[in-house]
Colleague: 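Below you will find the structure I want to go over with you.
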Amino acid sequence: MLKENARKVFDYVKEMEGQNIIAADIAKATGLEPKSVNGIITSAFQRHTVVVDGEKVAQPLMERVLAEIKLEDGTHKAVKFIRLTDAGKAFDPDAE
């Protein structure tokens, strides 16, 4: 089972699947601090593991994809879009 805040993050990212979202978007939508959102993504989802034949194996549920966006003033800014991996798309947070 996911902790309450991790579940909020997971549910939002799942709901927004296919859209370009960043940690600040998740923070705004969930009421969590951006620093907390980044910590949750890293610890709960990027470092997610499963046990295979008695050994822990890395199975990330989310990834950060480097991208660049154009701001209203014409400048560009580097961002990291948050995306579910294939394992994340198949993940059932109620099953664990």
Colleague: Please list, one pair per line, the donor and acceptor atoms closer than 3.5 Å that link side chains of residues 66-76 to other protein atoms, with sequence neighbours excluded.
Modeller:
unit_1: Asp73; atom_1: OD1; unit_2: Thr75; atom_2: N; d: 2.9
unit_1: Asp73; atom_1: OD1; unit_2: Thr75; atom_2: OG1; d: 2.6

Colleague: What donor-acceptor contacts under 3.5 angstrom involve side-chain atoms of residues 26-42, with partners at least two apart or in another chain?
Modeller:
unit_1: Thr30; atom_1: OG1; unit_2: Ile26; atom_2: O; d: 2.8
unit_1: Thr30; atom_1: OG1; unit_2: Leu32; atom_2: N; d: 3.4
unit_1: Asn38; atom_1: OD1; unit_2: Arg64; atom_2: NH2; d: 3.1
unit_1: Asn38; atom_1: ND2; unit_2: Pro34; atom_2: O; d: 3.3
unit_1: Thr42; atom_1: OG1; unit_2: Asn38; atom_2: O; d: 3.1
unit_1: Thr42; atom_1: OG1; unit_2: Arg64; atom_2: NH1; d: 3.1
unit_1: Thr42; atom_1: OG1; unit_2: Arg64; atom_2: NH2; d: 3.4

Colleague: Should Arg83 and Val13 count as side-chain neighbours, where that means a heavy-atom distance under 4.5 Å?
Modeller: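 No - every pair of side-chain heavy atoms lies 4.5 Å or more apart.
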Colleague: Evaluate the criterion side-chain contact (heavy atoms from CB on, under 4.5 Å) for residue pair Met62 and Val9; output intermediate values, then yes/no.
Modeller: CA-CA 11 Å; Met62 291 183 190; Val9 170; 4.3 Å; yes
Colleague: Extract all donor-acceptor atom pairs below 3.5 Å that involve side chains of residues 84-91 and protein atoms in other chains or at least two apart in sequence.
Modeller:
unit_1: Thr85; atom_1: OG1; unit_2: Pro60; atom_2: O; d: 2.7
unit_1: Thr85; atom_1: OG1; unit_2: Leu61; atom_2: O; d: 3.3
unit_1: Thr85; atom_1: OG1; unit_2: Ala87; atom_2: N; d: 3.4
unit_1: Thr85; atom_1: OG1; unit_2: Gly88; atom_2: N; d: 3.1

Colleague: Tell me the closest heavy-atom pair linking Pro93 and Leu2, and the distance in Å.
Modeller: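 Pro93 and Leu2 have their closest heavy atoms at CB-CD1, 3.8 Å.
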Colleague: Do you know the tightest heavy-atom contact between Ile22 and Lys80?
Modeller: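 That would be CG2-O, 3.5 Å.
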Colleague: Nearest 0.5 Å, what's the CZ-CD1 distance between Phe45 and Ile82?
Modeller: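 With rounding to 0.5 Å, CZ (Phe45) is 11.0 Å from CD1 (Ile82).
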